[in-house]
Structure formats: structure tokens, C-alpha cells
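Just so it is clear, the model here is predicted, and its values are computed rather than measured. Just so it is clear: chains get the letters A, B, ... in the order the sequence lines come, proteins before strands, and each one is counted from 1.
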Amino acid sequence: MSISIKNISKSYGKVKALTDISFDIKQGELFGLIGPDGAGKTTLFRILTTLLFPDKGEATVADYDIIKDYKDIRSHAGYMPGRFSLYQDLTVAENLTFFATIFGTTIEENYDLIKDIYMQIEPFKNRRAGKLSGGMKQKLALSCALIHKPKVLFLDEPTTGVDPVSRKEFWEMLKRLQKKDITILVSTPYMDEAELCDRIALITDGEILQVDTPQAIMQAFPKTIYKVRTSETYRLIKDLKTYPKTHSAYPFGEYLHFTSTDENLDPEELIHFLEQKKHTQIEVEKIDASIEDTFMELTHTREVNAHD
Amino acid sequence: MTNENAITVKNLTKTFGDFTAVDAISFEVGKGEVFGFLGANGAGKTTAMKMLIGISKPTKGEANVAGFDVRTQAEDIKKSIGYMSQRFSLYNDLTIKENIVFFGGIYGLKKSVIKAKSKNLIDELGLHDEADKLVGSLPLGWKQKVSFSVALLHDPKIIFLDEPTGGVDPITRRQFWEMIYREANNGKTIFVTTHYMDEAEYCDRVSIMVAGKIEALDTPKNLKEKYKVDSMNKVFLKLARNIE
């Protein structure tokens, strides 16, 4: 196991940030921690990178204990925090040299590992980090997190606020790094990125909802999903809320994703209801669940149970 | 949508030194339209938006927002629009009620109006138990919903939303879009930027900015047909990659 987490809990005063979290990450895995802001992702990262003590539970990173062996973890883990945390007043090259030096290495020694990423920002190596564009800052931060050749890489929301093109390039970089036998734990609020991971944990309100491969999570979706469209989206949302057999109806791009309280629902019945409501250009089609569907279903069920 | 335009932009340009951030963009947004303003990081979206909300003077070109000229009537524009972004929304150290009173005051609303609006807003969002809590203690999704409602306090004609749903959980994100639809349905014009390409599909029309220029502007459906792909994400990737 590259990372092993057992019954970790952490509170800040009355706020429970993490409640009894347990899961394992295998050597060489690209593992995604998927959940919205405030789910507890950053708290878990800070515990695993030895910056914060858990209240309860234990964890190991690269077989080192997060409390007893914290110094070993610091030399074998790379951490890219969510907020840009390099020195804005140092140049690109100075930042990289700085991080290499504090880890007792040189840029030359591990250049192979970062070459692919660093080459793209090398033309700007004399520019101050604070003056870089978002995409370039991200590449520099990743280079700095990798410069000591870590066994495990922690990336906290590396793609938040980044446009789709840069996000796609970033994931391509991660796939290449994974081939160099680095275990990667990456967090993201973008559900579509979940499918790019080997395995994922869905997290919300400090609790893990599910851990599995993205494919298994999507296949385990408990209900039949239909995509529904008519000529008037806003009215469709309102009308589906009044339909007695609606379990959930959420906008998804140009469609609504609909599940019913009745698993034996005949789609014709739904179409008939929409016709009665004077909708036109009605489309109803059965589809496979996405990670986002699953996430919403799990949080929905959780909230309903919490109110019972 | 009527023929009346909420926003008309002609050759709008902004340069910083010899760098052209916004390069002669032109477009129109109809009243009651949900208009998606997309682009890669650094494409010039924020600069363009700042000119439209009257806080940055164009170098060249013209724009009319809610019937006012961005060059000469910036103050009138500020009174006629609502604005919210992920970065600056509400004061964390004030309660929900205090934020409403504060922003109502900024917009020059009468005390009685603020009181009535405040009650409406709290009723609508079902926030009775939270109304006297500090905004900083609320989950992000709620903050953003309150923030949107506060941006509507002075009954603006146009609402500018700058990445309103970043990091928000998927269910709240959708509740947020339902609020957007509701306002558009009430005749408000919505101008929104987002990095979620599925949200781009909720818009009536979207524009995609690449390197300071608007490279595409149409309904999501037409754009997907034109570029022969099945999602806005792919349209975006095609446009932004081909040009680089």
C-alpha cells in the first residue's frame, strides 16, 4: 500500500471536517478525491502531508507513519497545495532551485522527471513567479513539487478555476508521471475528471460516500436514468417537480436527468404527463449514469436519511 | 426574447501598453437572454467584463449596457446591473441580514424596501434559521445563493455572474441555475462566465473568446453542429487548440 488511512477524524471546534475516514491507495495508482468545497479534501491532504494532526485514527504514507515518521514523509512526498504557494518575488528558475536545495538535491539530478513539464515554462525562467499566467504557475508548482523525486504526489485541486484546455493538458501530464511509478492522490471538484482516475473516493461533508473504480461506481447506480428534453427547459424543471413519480430531476447540459420513484415506470407515462402540460418536442431516452449522477444520488439519499 | 438589446458591443478594444487584451469584439445580448461568455484563462474575458460593468474605460470601440454608454454613463450602468463573482461576494464577518441591509444601503434603497426585500429573500431561500448567522460560517453553496439574491436587491436589468459556481457541489450548482432560469424568465438578462462546459449548455447563446477575440458565437446546439462534436467541452477544445 502506498497510502493507508484508518478511521481518521478531525474537527475544528464544533465543525467536523472529517468523520471516520478509511481507505487505501495502491502503489502507482492515480487516485481521485472527488467532492465540493468544504467536503474535507484539504484537511485530509494536510493530515497526510504531516501538516496537521488528526484527532483520531492513523495513516501511513509510503509505509511511514504520519505522526512517528513525519520527517520521512516530508522527504518522500510532493505536495502541491490548492492555493499558489511559491515565492512570487523569485523567478521561475530561483523557485525551482530553492525547492531543490531545501530537499538536498539539484535540478540536474532529477531533471528527467520534470523535463516534460519544465520545458514548457523554461522560456520564462527569468520571469518572477507572480507575473506568470495561471497555467504557467500551475506547471511551475508541479515542477517544484516533483523536484525531489517523491514516491507519492499530493495535488490539492490543481485544476480549479482552470479552463478546459489547460485542464486536459494537466491530466495528460499526470498520466505520464504515473508511468514513472509515482503514486498520485489528486482532489477535484470537477466530476468529469473522476473518470480519468484509476480509482476514486467520493467525499462530502467530511464523509466518504464510496470508493471504487469510476466504472464500478457508475454501474452501481441504483436507478434507471432518463434524459429528458422539451422546448422549454425552465418550465420542464418546474413541471417535473410536481410529477408524483419524480425521485430526482436535475439539469444536465441541454437535458434534464430524471429518475422515478417507480422503477417500473413506462417512459410513455412520463411523455403523456409532459404532453398534458403542453410541452412540445418531447424527448425521453434511457441513459447510463455518470459519476455526477451517482454523486448527486448519494448526497440526496444521505440528506433524506439525515432528516428522517 | 424581444428585439430590444440589453447589451450592444461594437469593436470594443482594450490595450495595456503594446498588449491587446480585448481585440475589437462585437456582439449583442437580447433582453431576457442567458448569455454565456466563455474563454480560456487569459483570453480577455475579465477585461471585457470590467469594461461592460463600467469599471474600466475602453481604449477603442463602444458598448451600451442597459441603455447607457460605458464611456460616459458608467455610474448609471452600475445602478442598473447586478454583479457577483466567486471571489467577492458577501462580507464573511456580517450576518446574512446585515449583508442584505448593507448592500441595500449601498444601492440607496429605502429602509422599508430593504426590510421587505430582506424578508422575501430569507423566505425564498428558506434561511430563517441562518439569517442571524455570520456568512463566513455558511457552506459555499448557500453563500453563493445568498450572494445571487443580494445582487438582485436593487432590481437590476442585467446580472453579471463571474464564475458563480466554482467549487460548489453538483446539487447546489443546479439549484443555482434554477434561480438563473427563474430570473431570465422574469425578463432579467443574464451574462455569465463559467469553466463548467455543461453549464455552457444551459445558456441560450454562448460566445467563446480566444486571445482577445470572439472566435465563435451561437446557440450551443448550432456550435456543436458546426464543429461536428457532441458537447460544448469538445467545441471549446477544438477552438482553443486550433488557434494556438
Surrounding NZ of B/Lys50 (heavy atoms of other residues, nucleotides or ligands, distance under 6.0 Å), is the total greater than 12? no
Report yes if the side chains of B/Tyr83 and B/Leu161 come closer than 4.5 Å at any heavy-atom pair, otherwise no. no
Part of B/Lys224 within contact of chain A (heavy atom distance under 4.5 Å): side chain
Contact part of B/Asn41 toward chain A, heavy-atom cut-off under 4.5 Å: side chain, backbone, both or neither? both
Which atoms of A/Val162 approach chain B - backbone, side chain, both or neither, heavy atom under 4.5 Å: both
Options B/Pro170, B/Gly166, B/Ala43, B/Pro139, ranked by heavy-atom pairs under 4.5 Å with chain A, top entry: B/Pro170
What part of B/Leu140 gets closer than 4.5 Å to chain A, counting heavy atoms only: side chain, backbone, both or neither? side chain
Is there a donor-acceptor contact under 3.5 Å linking the side chains of B/Glu199 and B/Thr194? yes
Flag yes if more than 12 heavy atoms outside B/Asp93 fall under 6.0 Å of its CG atom; otherwise flag no. no
CZ (A/Arg229) with more than 12 external heavy atoms under 6.0 Å: yes
Residues B/Tyr196, A/Tyr190; criterion ring-ring contact (aromatic ring centres under 6.0 Å, His included); working and verdict: CA-CA 8 Å; B/Tyr196 291 95; A/Tyr190 294 101; 4.9 Å; yes
Quick one: which of B/Asn233, B/Ile171, B/Asp169, B/Asp198 has the most heavy-atom pairs under 4.5 Å with chain A, could you say? B/Ile171
Given a strict heavy-atom distance threshold of 4.5 Å, which part of B/Arg173 is in contact with chain A: side chain, backbone, both, or neither? side chain
Given that the side chain runs from C-beta out, which part of A/Arg235 has a heavy atom under 4.5 Å from chain B: side chain, backbone, both or neither? neither
Bottom line for A/Tyr255: the part with an atom under 4.5 Å from chain B's heavy atoms is neither
Between chain A and each of B/Gly42, B/Gly167, B/Gly39, count heavy-atom pairs under 4.5 Å; write down the option with the most. B/Gly167
Against chain A, label B/Pro220 side chain, backbone, both or neither, depending on which of its atoms sit under 4.5 Å from a heavy atom there. neither
CG of B/Leu38 to CE of B/Met197, rounded to nearest 0.5 Å, is 5.0 Å
Below 4.5 Å from any heavy atom of chain B, which atoms of A/Lys41 appear? Answer side chain, backbone, both or neither. neither
For A/Tyr250, which atoms come within 4.5 Å of any heavy atom of chain B: side chain, backbone, both, or neither? both
Residue among A/Gly253, A/Pro36, A/Ser248 with most heavy-atom pairs under 4.5 Å to chain B: A/Gly253
Does a side chain donor of either A/Glu193 or A/Thr159 reach within less than 3.5 Å of an acceptor in the other side chain? yes
Side chain, backbone, both or neither: which part of A/Thr160 has a heavy atom under 4.5 Å from chain B? neither
Quick one: pull up CE in A/Met119 and CD in A/Glu122 and give me the separation to the nearest 0.5 Å. 8.0 Å
In terms of the angle between their ring planes, are A/Tyr234 and B/Tyr181 parallel, tilted or perpendicular, with boundaries placed at 30° and 60°? tilted
Would you mind checking which part of A/Met296 comes under 4.5 Å of any heavy atom in chain B, side chain (CB onward), backbone (N, CA, C, O), both or neither? both
